[in-house]
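Structure record follows, encoded as structure tokens.
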Amino acid sequence: MKLTKISLALVAACGAMSSGSVFALAPSNYTNTSEFVGTTQNIRISGATAQDNGILGSALSLCTAGSLHRFEISNNFAYFCTPDIGTGAGQITVRTGTPAVTQLAIYKYSAGGSGNGVGPVNLNQTLPFLDLAKIATSPACSGTNLTTSNLDFDGTGSLSTYVNMKCGGASSLLTTGATTYIGLSDVEPAFFTTNTTNLLSETAYSLIFAVPVTKNIRDALQTQQGLTAGSDTLANMPSLSRAQVTSAFTQAGQSWAGIGVTSGLTDDTIYVARRVDSSGTQKTFEALIARTPNGESAYKSCHNSVDTFVTPDSGVTGLTTGDADTTCNSPTAQPLVYGGSGGGNVSNCLNYHNLQGRGAIGMQTGETKPGTFNFRYVKVDGAAPTQADVAAGKYTLYVDSSINTRVNVNPTASAAGYSAFVTRLKADFKNATIIKLINGTDQSFGPSGLMASYDAAVSPDYTGASSVIPWNKLVGGATVDNCQAPKASF
């Protein structure tokens, strides 16, 4: 990434200069007449919502400072910028031809999660990606339907700010079916399909998962465990046992008292905010945290002949859709179990439950900050979801995530710049410096989220300070298996 070639002082200066949207690239600059004809090089990525921050961090590093616009609607994103073109360290090669490529568009379809980073890539299927041409003219992304803000990605100014444009209205007005080229999944493809004929699946990075509960339950646990109620520090982070977590995730309608938690709430029911079956986060919680079978029984499972994960009240567990945010916030019929398409839906649901005096448990990745949402993370069996506890071998609830590309025919394989982009993306995901930028500011309880993949050539660091995981989930030293217990290098 280009942080290796630009001094932090210069990057900070560029970030300050770009604080106004005047430097960003507007959608009206997109003039392509087809996927490969025009001044914009298109890169299409689908899959895990947990890796959206990684795509944003990469996009910011590939673009000239201050040029990036990010458009979003319903777990669907388009990053549009002026690329940093060249052959020097950190620069990107783009497609050649006439007219010359002067713009870069990176699309990320996150609806449905990791499953859409596997099947559609393997089968060369189309997905409803955002269409920059439609964004430029549609009322669904203008006027009162548009929320615009200038954002600092990592909170430190190490990467320049970008203009975020959140569109409203119907998402169908802004999308067009297109082939996905690159797939991202939290776990290996076998958790989502039995057909991997056309897939090359490689380790991207390791990803820590964490158990969030509504703030009222976190505070109640702190009081019950003799900690300071309301504190967000590591020292005052309460803990749930694995048995308590499994009970909450396998017994619909269970009470907090039933698992030994004094909630103090009028409604003592445990509400669950989970993800759809195609989500890698859901697969991770089934495999590692709740220890239940795969919700899609035809595919790889780490556990069999045990109780299943609770099913959303709506029955929605499919590949691309989940419950609407309003489903969780219903004033008359709150679901015991909510099924969200993305991690943001889970955050919203937990927040709603807390605001309405209910106690809920959910699932998130460790780099997801609560911010103003009323949920907080808990320890599991006394271990915290921190890089330090993972490196020390105490917290084992993490996965080795995958980046998936096509082995055979790929619509962009012959396009100059595509192979270079994939190579860069893979390298960025394994770079500890970049991983720290992607994670952004630390959680209140310490660094969490992504860790650079295990590397046998690197001396292991069991303190977590390097953000490089010293453990692996390889079988025989080569094949990733997230059912495998973590092993230290030797």
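The first residue in the sequence is number 1, and the count goes up from there. Source: prediction; values computed, not measured.
Using modelled atom types and a 3.5 Å distance limit, the side chains of S185 and N404 yield a donor-acceptor pair. Between the side chains of S110 and T49, no donor N or O sits under 3.5 Å from an acceptor N or O. Looking at N195 and T197, their side chains do bring a donor and an acceptor atom within 3.5 Å of each other. For the 3.5 Å distance criterion, the side chains of T64 and S67 qualify, holding a donor opposite an acceptor. No donor-acceptor contact under 3.5 angstrom links the side chains of Q125 and T179, judged on distance only. Remark: the T281 side chain and the T284 side chain contain no N/O donor-acceptor pair separated by less than 3.5 Å.
In this structure, Y377 and F445 have side chains that are in contact, with non-hydrogen atoms separated by less than 4.5 Å. For the pair F375 and C349, the minimum side-chain heavy-atom distance is 4.5 Å or more. Using a 4.5 Å heavy-atom threshold, the side chains of V261 and L221 count as touching. Two residues are said to be in side-chain contact when any heavy atoms from C-beta on lie closer than 4.5 Å; T292 and D307 fail this criterion. Counting only heavy atoms from C-beta outward, the side chains of V121 and S46 approach each other to under 4.5 Å. By the 4.5 Å heavy-atom criterion applied to side chains, F80 and Q103 are counted as neighbours. A heavy-atom distance below 4.5 Å is found between the side chains of I435 and N439. Counting heavy atoms from C-beta outward, I289 and V380 have side chains that stay 4.5 Å or more apart.
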Legend entry - Candidate pair Y205 and F429, rule ring pair (Phe, Tyr, Trp, His ring centres under 6.0 Å), full reasoning: CA-CA 6 Å; Y205 48 66; F429 280 166; 4.9 Å; yes

Inset, instruction - Would you please test I217 and W256 for side-chain contact (heavy atoms from CB on, under 4.5 Å) and show each step? - result: CA-CA 9 Å; I217 294 299; W256 289 105; 3.6 Å; yes

Inset, instruction - Take S61 and S58 through the side-chain hydrogen bond (donor to acceptor under 3.5 Å, both in side chains) test and state the conclusion after the steps. - result: CA-CA 5 Å; S61 72; S58 288; 5.1 Å; no

Inset, instruction - I would like to know whether D400 and N482 meet side-chain contact (heavy atoms from CB on, under 4.5 Å); could you show each step before the answer? - result: CA-CA 7 Å; D400 286 348; N482 277 296; 4.0 Å; yes

Inset, instruction - Run the numbers on V346 and L350 for side-chain contact (heavy atoms from CB on, under 4.5 Å), then give the verdict. - result: CA-CA 6 Å; V346 170; L350 291 172; 4.1 Å; yes

Inset, instruction - Kindly determine whether S466 and D461 satisfy side-chain hydrogen bond (donor to acceptor under 3.5 Å, both in side chains), including the steps that lead there. - result: CA-CA 7 Å; S466 66; D461 167 24; 3.0 Å; yes

Inset, instruction - Evaluate side-chain contact (heavy atoms from CB on, under 4.5 Å) for F129 paired with T180, printing each intermediate quantity in order. - result: CA-CA 9 Å; F129 284 96; T180 178; 3.8 Å; yes

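Here the closest non-hydrogen pair linking P470 and P460 is CB-CB, 3.8 Å. Nearest heavy atoms, A48 versus K108: O-NZ, 2.9 Å. Heavy atoms only, all atoms of each residue included: L234 and A384 are closest at CD1-CB, 3.6 Å. Across all non-hydrogen atoms, the minimal contact from Y395 to Y398 is O-CD2, 4.0 Å. Summarising the geometry of S453 relative to I469, their closest heavy-atom pair is C-CG2, 3.9 Å, with the distance given to 0.1 Å. Nearest heavy atom pair, residue A229 against residue Q222, reads CA-OE1, 3.2 Å.
Here the side chain of Q387 pairs a donor or acceptor atom with the backbone of L450 at under 3.5 angstrom. Remark: the backbone N or O of S239 is paired with a side-chain donor or acceptor of Q225 at under 3.5 angstrom. In terms of modelled atom types and a separation under 3.5 Å, the side chain of S448 and the main chain of P385 share a donor-acceptor contact. Looking at N122, its side chain does come within 3.5 Å of a backbone N or O of N198 through a donor-acceptor pair. Although no hydrogens or angles enter the test, the distance criterion places a donor-acceptor pair under 3.5 Å between the side chain of T246 and the main chain of R242. One N or O on the side chain of N348 and one on the backbone of G344 form a donor-acceptor pair closer than 3.5 Å. Between the side chain of S301 and the main chain of N304, no donor-acceptor pair closer than 3.5 Å is present. For the pair K430 (side chain) and T203 (backbone), a donor-acceptor distance under 3.5 Å is present. A distance-only check finds a donor-acceptor pair linking the side chain of Q443 to the backbone of T368 [under 3.5 Å]. In terms of modelled atom types and a separation under 3.5 Å, the side chain of Q244 and the main chain of S241 share a donor-acceptor contact.
Relative to the ring axis of Y79, R70 does not place its NZ or CZ within 45° and under 6.0 Å from the centre. At least one test fails for K426 against the ring of F421: distance under 6.0 Å to the centre or angle within 45° of the axis.
Summarising the geometry, atom CD1 belonging to I361 is positioned 9.0 Å from atom OG1 belonging to T214; distances are rounded to the nearest 0.5 Å. Taken to the nearest 0.5 Å, the CD atom of E296 stands 9.5 Å off from the OG1 atom of T193. Rounded to the nearest 0.5 Å, atoms CG (N116) and CG (L184) are 11.5 Å apart. Note that the OG atom of S305 and the NE2 atom of H303 stand 12.0 Å from one another [nearest 0.5 Å]. Here F191 contributes atom CZ and Q282 contributes atom CD; the two are 12.5 Å apart, rounded to the nearest 0.5 Å. Here the straight-line distance linking atom CZ of R275 with atom CZ of F309 works out to 11.5 Å at 0.5 Å rounding.
The aromatic rings of F285 and F249 stand perpendicular to each other, their planes meeting at an angle above 60°, with 30° marking the opposite boundary.
Ion pairing of K283 with D186 is absent here, as no side-chain N (NZ or NE/NH1/NH2) approaches a carboxylate O to less than 4.0 Å. Under a 4.0 Å N-O distance rule, the pair K300/E188 qualifies as a salt bridge. With respect to D232 and R218, a salt bridge is recorded, a charged nitrogen being found less than 4.0 Å from a carboxylate O.
Remark: of the listed residues T396, L397, I208, I208 is the sole one forming a side-chain contact (heavy atoms from CB on, under 4.5 Å) with V390. I106 pairs in a side-chain contact (heavy atoms from CB on, under 4.5 Å) with only one of the listed residues (L62, N42, L425, I182), which is L62. For the side-chain contact (heavy atoms from CB on, under 4.5 Å) test with L68, the passing option among N164, L56, L104 is L56; the others fail.
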